[in-house]
Amino acid sequence: MFALPEAWVWDFWTADDGEQYHLFFLYASRALKDPIARHRRAAIGHAVSSDLVTWTRVEDALVHGDGPAFDELATWTGSVIRHPDGTWYLFYTGTRLVDGKNVQSVGYATSPDLFDWTKQGQVAEADGRWYERLADEGWHDEAFRDPCVLADPDGDGWHMLVTARGRTGPADDRGVVGHYWSPDLRAWEGRPPLSEVGQGFGQLEVMHTAVVDGQPFLVFSCLGEDLSAAHRATGTGGGTWAAKGDSVLGPWDLAGAQLLADRRLYVGRLVPLRGRDEWVFMAFAHEDADGRFVGGVIDPRPVSLVDGRLVIGTPTVP
């Protein structure tokens, strides 16, 4: 497990440079005492590994900006992708307070080597034509975060999938897959969501796509308290979910999503193994048996597709 004695570690994402795996993670000092307070003090740390098990911490990737700035409060979850010219792009969530409420938007930084990052500024915010804004008063914050950037399967630019909320329907059932498009990873335009409201989720956190044995999946996270009332009535406490899709751009069967891991683990990710047509599951330790926050990224666990469902095995070293 990757953990820090002096800090809580939670949301994370990975990159592979062909020789090392890179772990980018949110962390905040335990001196805050209350783990809820970590969200307003988050920075993006960085560690490297040859096997996804033994990690060496290196210099942090990013910290919050000096105000006024879209990331003046904290830097939250994102993703890393490499441009054909060799430049690495780290897309991340920036947060700021407006009238005491958290407003989220997306910015990016670039690096030649995954170690030395330079911020390039904000590139996307919730487009009010399709996505709920703070003024709509449907949610406790302006949810627009956790960018997942992927290349178009047909070579038509790049797509960004974002945790967002639609503008219609019951307030607890507006979670959608936000969608933005770019020709070059630098300039982004808002597009309608890739899913509809009313699928049972108030928000779809930290989503990403994976193709396992030819089957595309959208993997995302949502705790029980952020499910719709009807979904909560089933008794699930939520956790990490996986929805089948026709492609990595959907459509996905969100209403029929499989609960991949319960709330003891959160922000579960399917991580591809280098040089092997295999995936492993990683997540952060979210709650102990008494419901207390834990923190720290677990060791990888093998993933297989059995009768159309993802199955997570016991931990092994890749």
Undergrad: Report yes if the side chains of Phe281 and Leu260 come closer than 4.5 Å at any heavy-atom pair, otherwise no.
TA: yes

Undergrad: Which atoms form the tightest heavy-atom contact between Leu249 and Pro153, and what is the distance?
TA: CD1-CD, 3.9 Å

Undergrad: What is the distance from atom NE2 of His64 to atom CZ of Arg40, rounded to the nearest 0.5 Å?
TA: 13.5 Å

Undergrad: So which heavy atom on Ser49 is nearest to which on Trp55, and how close?
TA: CB-CE3, 3.3 Å

Undergrad: Under a 4.5 Å cut-off applied to non-hydrogen side-chain atoms, are Val53 and Pro300 in contact?
TA: yes

Undergrad: Checking the side chain of Asp288 only, and the main-chain atoms of Arg292 only, is there a donor and an acceptor separated by less than 3.5 Å?
TA: yes

Undergrad: Kindly say whether Asp127 contributes a backbone atom to a donor-acceptor pair with the side chain of Arg133 at under 3.5 angstrom?
TA: no

Undergrad: Please find the pair of heavy atoms, one from Gly296 and one from Met1, that lie closest to each other, and give the distance.
TA: O-CE, 3.7 Å

Undergrad: What distance separates Leu114 CG from Asp17 CG, expressed to the nearest 0.5 Å?
TA: 6.0 Å

Undergrad: What's the spacing between Thr236 OG1 and Asp262 CG if we round to 0.5 Å?
TA: 8.5 Å

Undergrad: Within the 4.5 Å heavy-atom criterion, are Glu142 and Asp136 side-chain neighbours or not?
TA: no

Undergrad: If you group Ile, Leu, Val, Met, Phe, Trp and Tyr by side-chain heavy-atom gaps below 4.5 Å, do Leu218 and Val162 land in one group?
TA: no

Undergrad: Any side-chain heavy atom of Leu52 sitting closer than 4.5 Å to one from Leu273?
TA: yes

Undergrad: Excluding sequence neighbours, so at least two apart, what forms side-chain hydrogen bond (donor to acceptor under 3.5 Å, both in side chains) with Asp253?
TA: none

Undergrad: Might you point out which heavy atoms bring Leu265 and Ala283 nearest each other, and give the distance in Å?
TA: CB-CB, 3.9 Å

Undergrad: Distance to the ring centre below 6.0 angstrom and angle to the axis at most 45 degrees; does that hold for Arg274 and Tyr21?
TA: yes

Undergrad: To the nearest 0.5 Å, what is the distance between CD (Glu278) and CG (Asp213)?
TA: 10.0 Å

Undergrad: Same hydrophobic cluster for Met282 and Leu259, using side-chain heavy-atom links shorter than 4.5 Å among ILVMFWY?
TA: no

Undergrad: Looking only at atom types and distance, does a side-chain atom of Thr75 sit under 3.5 Å from a main-chain N or O of Gly94, one as donor and one as acceptor?
TA: no

Undergrad: Is the NZ or CZ atom of Arg167 both under 6.0 Å from the centre of the six-membered ring of Trp130 and within 45° of that ring's axis?
TA: no

Undergrad: Can you name the closest pair of heavy atoms from Phe220 and Ala243 and give their distance?
TA: CE2-CB, 4.3 Å

Undergrad: Please identify each residue that fulfils side chain to side chain contact (heavy atoms under 4.5 Å, CB included) with Ala151, with sequence neighbours left out.
TA: Trp158

Undergrad: To the nearest 0.5 Å, tell me how far Asp141 CG sits from Arg165 CZ.
TA: 8.5 Å

Undergrad: Under 4.5 Å between any side-chain heavy atoms of Glu132 and Arg174, yes or no?
TA: yes

Undergrad: Going hydrophobic residue to hydrophobic residue with side-chain gaps under 4.5 angstrom, can you get from Val48 over to Leu26?
TA: no

Undergrad: I'd like to know whether CG of Asp290 has more than 12 heavy-atom contacts from other residues, nucleotides or ligands below 6.0 angstrom.
TA: yes

Undergrad: Tell me, which pairs form a salt bridge (Lys or Arg N to Asp or Glu O under 4.0 Å) where one or both residues lie in residues 146-164, sequence neighbours left out?
TA: none

Undergrad: Between Trp241 and His208, is the ring centroid distance below 6.0 Å?
TA: no

Undergrad: Considering non-hydrogen atoms only, spot the tightest contact between Gly166 and Val197 and give its length.
TA: CA-CG1, 3.8 Å

Undergrad: Indicate yes or no for a side-chain donor-acceptor contact from Trp88 to the backbone of Ala109 under 3.5 Å, with no hydrogens or angles considered.
TA: no

Undergrad: Please say which of Tyr27, Phe24, Phe25 ends up in a ring-ring contact (aromatic ring centres under 6.0 Å, His included) with Phe2.
TA: Phe25

Undergrad: Go through the steps to decide whether Gln120 and Thr110 satisfy the test side-chain hydrogen bond (donor to acceptor under 3.5 Å, both in side chains), and finish with yes or no.
TA: CA-CA 7 Å; Gln120 303 296 339; Thr110 56; 2.9 Å; yes

Undergrad: Could you list all the ring-ring contact (aromatic ring centres under 6.0 Å, His included) pairs where at least one residue sits in residues 248-268, not counting sequence neighbours?
TA: Tyr266-His286

Undergrad: Treating Ser79 as the side-chain partner and Val149 as the backbone partner, does any N or O pair qualify as donor plus acceptor under 3.5 Å?
TA: yes

Undergrad: So does Val267 get a backbone contact from the side chain of Ser221, meaning a donor-acceptor N/O pair under 3.5 Å?
TA: yes

Undergrad: Would you indicate whether the side-chain heavy atoms of Pro147 and Leu161 approach each other to under 4.5 Å?
TA: no

Undergrad: Kindly assign one of parallel, tilted or perpendicular to the pair Phe293 and Phe284, based on the angle between their ring planes and the thresholds 30° and 60°.
TA: tilted

Undergrad: Does a side chain donor of either Gln122 or Ser105 reach within less than 3.5 Å of an acceptor in the other side chain?
TA: yes

Undergrad: Just jot down the side-chain hydrogen bond (donor to acceptor under 3.5 Å, both in side chains) partners of Glu125, sequence neighbours excluded, or say none.
TA: none

Undergrad: Does the side chain of Val219 come within less than 4.5 Å of Thr209's, by heavy atoms?
TA: no

Undergrad: Do Val311 and Leu305 come within less than 4.5 Å of each other through their side chains, counting heavy atoms only?
TA: no

Undergrad: Tell me, please, which residues at least two apart from Ser195 pass side chain to side chain contact (heavy atoms under 4.5 Å, CB included).
TA: Val176, Val177, Leu254

Undergrad: Please, which pairs that meet salt bridge (Lys or Arg N to Asp or Glu O under 4.0 Å) have at least one residue in residues 59-72, sequence neighbours excluded?
TA: Arg57-Asp60, Asp71-Lys119

Undergrad: Following the transitive rule for hydrophobic clusters with a side-chain heavy-atom cut-off under 4.5 Å over Ile, Leu, Val, Met, Phe, Trp and Tyr, establish whether Met207 and Leu150 coincide in one cluster.
TA: yes

Undergrad: Spell out, yes or no, whether Leu223 and Leu227 are grouped together once hydrophobic residues are joined by side-chain heavy atoms under 4.5 Å, including indirect joins.
TA: no

Undergrad: Name every donor-acceptor pair, under 3.5 Å, that has one atom in a side chain of residues 31-38 and the other anywhere in the protein, sequence neighbours excluded.
TA:
from  : atom 1 : to    : atom 2 : distance (Å)
Asp34 : OD1    : Ile36 : N      : 3.0
Arg38 : NH1    : Pro35 : O      : 2.9

Undergrad: Would a distance-only check, ignoring hydrogens and angles, find a side-chain to backbone donor-acceptor pair under 3.5 Å from Ser50 to Gln20?
TA: no

Undergrad: Does the side chain of Gln199 pick up a donor-acceptor pair with the side chain of Asp173 at under 3.5 Å?
TA: no

Undergrad: Does any pair with a residue in residues 75-98 pass salt bridge (Lys or Arg N to Asp or Glu O under 4.0 Å), and if so which ones, sequence neighbours excluded?
TA: Asp85-Arg186

Undergrad: I'd like to know if the side chain of Thr163 and the backbone of Leu204 have a donor-acceptor N/O pair within less than 3.5 Å.
TA: yes

Undergrad: Checking the side chain of Asp99 only, and the main-chain atoms of Lys101 only, is there a donor and an acceptor separated by less than 3.5 Å?
TA: no

Undergrad: Does the His231 side chain pair with the main chain of Gly200, one donor and one acceptor, at a distance under 3.5 Å?
TA: yes

Undergrad: Output all residues satisfying side chain to side chain contact (heavy atoms under 4.5 Å, CB included) with His39, sequence neighbours left out; order by chain, then residue number.
TA: Trp10, Trp76

Undergrad: Keeping to residues at least two apart or across chains, list the ring-ring contact (aromatic ring centres under 6.0 Å, His included) pairs with something in residues 92-116.
TA: His22-Phe115, His46-Phe115, Phe70-Tyr92, Tyr89-Tyr108, Phe91-Tyr108

Undergrad: Suppose the criterion is salt bridge (Lys or Arg N to Asp or Glu O under 4.0 Å): which pairs have a residue in residues 236-245, not counting sequence neighbours?
TA: none

